[in-house]
A.B. asks: 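Questions regarding the structure given below will be posed in turn.
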There are 2 protein chains.
Amino acid sequence: MAVDRERVLRDAAGLLMRKSGATMDEVARAAGISRATLNRQFAGRDALVRALEELGLTECESAVEKADIDDGRAADAVRRLVRELEPAAGLLAFLYSENQLFEGDGQNEGWARLDARMVALFRRGQEAGEFRIDLSPVWLSEALYGLLVSAAWTIYEGRVASRDFTSNITELLLGGAVRRTE
Amino acid sequence: MAVDRERVLRDAAGLLMRKSGATMDEVARAAGISRATLNRQFAGRDALVRALEELGLTECESAVEKADIDDGRAADAVRRLVRELEPAAGLLAFLYSENQLFEGDGQNEGWARLDARMVALFRRGQEAGEFRIDLSPVWLSEALYGLLVSAAWTIYEGRVASRDFTSNITELLLGGAVRRTE
DNA sequence: CCCATTTGAGACACTCGTGTCTCTCCTCTA
DNA sequence: TAGAGGAGAGACACGAGTGTCTCAAATGGG
């Protein structure tokens with residue numbers, strides 16, 4: 001039977017999210033295949049990580065597409081975006097810790113493109129008067145990444161319910177912890 | 001001359017924050033000492049990581065102390081806490097990615113104690129009517145960790161100014177991105 | 001100034017993960 | 001049913017990183 005490459009990648013991501021230094025043998029076992037087969041699919045650990053990076057990037061971009069982040073109110077766009085990003089959060093948490101991906105010449109420019117779109121979303125919100133202007137769009141988008149990772153990790157640890165993923169992130173990011181008095 | 005153990009730890013943290021898989025040789029070079037001396041100070045990589053964990057924990061606890069998080073308004077306490085936590089943010093970012101620290105039996109219970117104090121702070125804010133109650137204290141404290149890491153990383157990358165560290169985190173965490181209408 | 005201590009540099013063996021190969025077994029298809 | 005293709009299991013050598021040791025040089029105190 002043919003190996004489901006995508007499935008292998010998802011299983012690998014599931015393991016690597018919580019154990020970023022996992023052995024190729026452990027990855028193979030997590031995916032339910034042998035190390036030999038894993039190596040037939042991905043020529044080495046580096047290729048596996050690159051494939052995971054590509055998968056994560058693709059998922060993020062498709063989430064951005066599906067969320068129509070250029071339409072309607074920026075705050076609603078952020079909510080839709082986070083909801084669409086949820087399935088990719090675990091993978092994102094792993095990639096976030098693979099800081100070696102983001103330094104050096106071979107850096108994937110896809111992240112820069114994605115980042116530009118996120119920044120543009122927050123900037124749009126500012127220009128529309130929805131968002132405050134004393135928090136830079138760059139910081140807001142970076143904070144969103146951080147909250148996605150925190151949320152994924154916290155849910156994995158069982159400290160918060162997975163159904164609260166989207167609301168936890170969006171409510172905190174948009175509304176903050178302080179109670180509204182209006 | 002005697003090796004400044006604390007200095008070595010800080011240099012190591014500075015390197016490991018941005019390159020978590022750095023070699024012991026690289027760590028030694030970053031600290032300006034030889035690999036032999038590094039090994040004399042810390043018996044193996046594991047011991048080094050443990051020492052970094054201890055240092056990070058100590059710094060966090062001292063920040064919690066200095067911030068007097070049980071006094072005054074909770075929101076102000078959070079601001080003081082973040083300000084005190086700033087020097088430890090880089091180290092925290094490294095420890096955050098060392099997820100192996102937080103699983104298994106040898107887990108340092110100091111983190112649980114620290115976490116309890118953070119959670120208590122947010123709960124106090126809720127009970128005082130300062131914070132909204134639809135975001136759990138657990139999530140708020142976890143989100144704070146995530147924002148600390150994001151901020152440290154973003155500053156390291158030069159995407160935001162280091163002087164905005166505290167305000168970026170506290171304003172987002174407490175006030176959120178949406179502009180107040182009050 | 002001399003001696004004790006400590007550091008740096010290098011060599012060494014060892015471990016662990018990796019990449020590759022072979023061989024066998026299974027499954028699907030003609 | 002026979003054959004082809006793919007997967008699993010295991011063996012193997014290789015490289016990187018590690019921990020340890022030795023020896024020479026430097027430092028600092030008495």
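Note that these values count all heavy atoms, side chains included, but never hydrogens, waters or copies made by symmetry. Lettering follows sequence order; numbering is per chain, from 1. All figures in this text were calculated on a predicted structure; none of them were measured in a lab.
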A.B. asks: Considering all heavy atoms of both residues, which atom of A:Trp139 and which atom of B:Asn168 are nearest to each other, and what is their separation?
C.D. replies: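 Smallest interatomic distance, heavy atoms only, reads NE1-O, 3.2 Å.
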A.B. asks: Check whether any side-chain N or O of A:Thr37 sits under 4.0 Å from OP1 or OP2 of D:dA7, and answer yes or no.
C.D. replies: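 No, outside the criterion.
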A.B. asks: Under the 3.5 Å rule, do the base of C:dG19 and the side chain of A:Arg35 count as making a donor-acceptor pair?
C.D. replies: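 Under the 3.5 Å cut-off, the side chain and the base do form a donor-acceptor pair.
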A.B. asks: Send over the distance from B:Leu48 CG to D:dG17 C1', rounded to a whole Å.
C.D. replies: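 Atom-to-atom, B:Leu48 to D:dG17, this comes out as 14 Å.
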A.B. asks: How close or far is atom P of C:dG8 from atom CZ of B:Arg29, stated in whole angstroms?
C.D. replies: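 It works out to 13 Å between those atoms.
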A.B. asks: Figure out the CZ/P separation between A:Arg40 and D:dG10, and round it to whole Å.
C.D. replies: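 Going from CZ in A:Arg40 over to P in D:dG10 covers 14 Å.
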A.B. asks: For residues B:Gln126 and B:Ile133, report the shortest heavy-atom separation together with the two atoms involved.
C.D. replies: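 Heavy atoms of B:Gln126 and B:Ile133 come nearest at NE2-CA, 3.5 Å.
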A.B. asks: Taking CD from A:Gln41 and P from C:dT20, how many angstroms apart are they, rounded to a whole number?
C.D. replies: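 The distance from CD of A:Gln41 to P of C:dT20 comes to 14 Å, rounded to the nearest Å.
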A.B. asks: Of all the choices, C:dA9, D:dG8, C:dG19, which nucleotide is nearest to the side chain of B:Ala36 once you look at every atom?
C.D. replies: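 Ranking C:dA9, D:dG8, C:dG19 by closest atom to the B:Ala36 side chain puts C:dA9 first.
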A.B. asks: Choosing from D:dG8, C:dG17, D:dT18, which nucleotide comes nearest the side chain of B:Met24?
C.D. replies: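 Shortest atom-to-atom distance from the side chain points to D:dT18.
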A.B. asks: Quick check: are there more than 12 heavy atoms from other residues, nucleotides or ligands sitting under 6.0 Å from CZ of B:Arg45?
C.D. replies: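 Correct, the count exceeds 12.
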A.B. asks: Between C:dT18, C:dG8, D:dG17, spot the one nearest the side chain of A:Arg45, thanks.
C.D. replies: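 It is C:dT18.
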A.B. asks: Who passes side-chain contact (heavy atoms from CB on, under 4.5 Å) against A:Glu130, sequence neighbours left out?
C.D. replies: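 Applying side-chain contact (heavy atoms from CB on, under 4.5 Å) to A:Glu130 gives A:Arg73, A:Ala74, A:Ala75, A:Ala128.
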A.B. asks: Can you check whether A:Val78's main-chain N or O pairs, donor with acceptor, with A:Arg83's side chain at less than 3.5 Å?
C.D. replies: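 Answer holds: no.
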A.B. asks: Report the distance from atom CG of A:Asp46 to atom P of C:dG19, rounded to the nearest whole Å.
C.D. replies: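 Atom CG in A:Asp46 sits about 9 Å away from atom P in C:dG19.
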A.B. asks: In whole angstroms, how far is the C1' atom of D:dA9 from the CG atom of A:Leu38?
C.D. replies: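 After rounding, the reported distance stands at 15 Å.
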A.B. asks: Rounded to the nearest angstrom, tell me the gap between atom CG in A:Asp25 and atom P in C:dG17.
C.D. replies: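 To the nearest whole Å, that distance equals 9 Å.
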A.B. asks: Please report the distance, rounded to the nearest Å, between CG in B:Asn39 and P in D:dT22.
C.D. replies: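 Spelled out: CG on B:Asn39 to P on D:dT22 is 15 Å.
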A.B. asks: For B:Gly21, report the nucleic acid contact type (base, sugar-phosphate, nothing); a contact means any heavy atom under 4.0 Å.
C.D. replies: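 Here B:Gly21 touches no strand at all.
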A.B. asks: In terms of side-chain heavy atoms of A:Ser34, which of C:dT18, D:dG8, C:dT7 is nearest?
C.D. replies: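 Selected nucleotide (nearest to the side chain): D:dG8.
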